Amino acid sequence: MERPSLAVAASRVCVAATLGAFASSLAAAQGIDYSKLEIKTTDLGHGVYLLGWQGGDSLILVGDDGVLLVDTSVAAMGDKIKAAIAKVSDKPIKLIINTHAHADHFGANEALAKDGANIVAHENLRQRMAKGFTAFGQAIPPAPPAALPTVTYTDDMTLHFDGETIQLFHPANAHTDSDTLVHFTRANVIHASGTIGGDGGYVFFDLSSGGSLAGTIVAEDKMLSLADDKTRIVADEGDPASTEMLRASRDMLVALRARVQKLIDEGKSEDEAVAAKPTKDFDATWVHQGNFVTGDTMTRLAYQSLKGG
Ligand SMILES: [Zn+2]
């Protein structure tokens, strides 16, 4: 089935901005019919639920204190997120965490925080939202005050809510420069803030939003340090990844970094690096149908990131 995924479609636009190779995808991203998208709710245990809509998937934690929501989705999906929450809790949304500066993670902030929720995010995300910024080649205007994070942090933070301990960590320059990894310690669930690929595909780091290959490896190492063999790792779309898959992603990225760095050290141009096919033995595992990050795209992103760093 053709799946109109915002994360994938929007990321295509981002790659277009970065690589100049996918210009036609802008229309596809703008043409998403949100009225047709449905939210699939998955119980991850201990009051944590995944709200999946094939885009910037959300997590909720429900309990006596109320509802904690990780990522509010795009503005057009706000009512559906609200309805999905109402099916598992009649309590109000008290806390919102925005994981990073892509609009499918904070777009419905104003609507979903209006009953008094505090919004927690990394300091860089608040700054970007307050000033306005460009992501995926599109200008995002300054956010209204009611949509801005009310609580920010720089390195890490711990929240205690609904009997759960929620640890927030900021990996610098990973998927973007504003990422928050969210670790639900009792439920054994981590929201990866885009630092692992959806549906088991190649991970995408958004160079135009301050992301990098090196930072993504650091983020994956951080998640591995938090995980055991039963941890569920939530990507932007698809079923949660296993720790085994996270480890495989990390090992692939480390190997890819070494290969592309070698090509750079040999003086190869970006096109020559792509022609050398450094991802050849990875592609069967990490390129899926409909996944916009092909092996060649991954090589270009790695090359640009290592050159820039
Ligand atoms: Zn993202």
Side-chain angles (χ1 to χ4, degrees), residues 3-19 22 25-26 28-29 32 37 50-59 69-77 81 96-109 121-122 124-126 128-129 133-140 143 149 168-182 190-213 215-220 223 233-238 240-241 246 249 253 290-293 297-298 301 305:
R3 300 202 312 163
S5 159
L6 175 75
V8 171
S11 296
R12 281 181 180 141
V13 179
C14 182
V15 173
T18 309
L19 305 174
F22 296 92
S25 297
L26 180 59
I32 292 170
L37 292 184
L50 172 64
L51 306 183
W53 52 280
Q54 303 167 359
D57 288 354
S58 297
L59 282 174
L69 169 65
V70 180
D71 288 339
T72 57
S73 77
V74 295
M77 292 290 289
I81 295 283
I96 290 170
I97 299 167
N98 294 142
T99 61
H100 63 274
H102 286 152
D104 47 335
H105 297 266
F106 63 80
N109 270 15
H122 188 265
N124 290 348
L125 177 53
R126 191 181 196 283
R128 281 182 179 272
M129 288 176 66
F133 60 100
T134 300
F136 304 136
Q138 289 177 292
I140 297 182
L168 311 184
F169 300 98
H170 170 61
N173 304 103
H175 179 60
T176 69
D177 66 1
S178 61
D179 296 322
T180 293
L181 306 175
V182 184
I190 300 172
H191 192 297
S193 186
T195 65
I196 189 167
D199 283 327
Y202 276 125
V203 63
F204 172 66
F205 35 94
D206 180 0
L207 302 174
S208 70
S209 295
S212 73
L213 171 56
T216 299
I217 292 171
V218 170
E220 294 196 352
M223 292 190 286
I233 300 114
V234 174
D236 273 9
E237 63 177 352
L246 172 62
S249 175
L253 290 178
N291 180 354
F292 83 98
V293 186
T297 301
M298 198 63 188
L301 291 169
S305 184

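Remember, it's a predicted structure, so these values are computed and weren't measured experimentally. As the structure lists them, so they are numbered: ligands from 1, and atoms in each ligand from 1.
Note on H175: its N/O/S atom closest to the Zn ion (ligand 1) is NE2. Looking at H100 and the Zn ion (ligand 1) together, the shortest N, O or S contact belongs to NE2.
Without hydrogens or angle criteria, D179 side chain to H175 main chain gives a donor-acceptor distance under 3.5 Å.
Distance check: T176 OG1 to H122 NE2 gives 9.5 Å after rounding to the nearest 0.5 Å.
With hydrogens and angles left out, the side-chain atoms of T72 and N109 include a donor and acceptor closer than 3.5 Å.
Counting backbone and side-chain atoms alike, H102 contributes an N/O/S atom closer than 2.8 Å to the Zn ion (ligand 1).
Taking the six-membered ring for Trp and thresholds of 30 and 60 degrees, H105 and H100 have ring planes inclined between 30 and 60 degrees apart.
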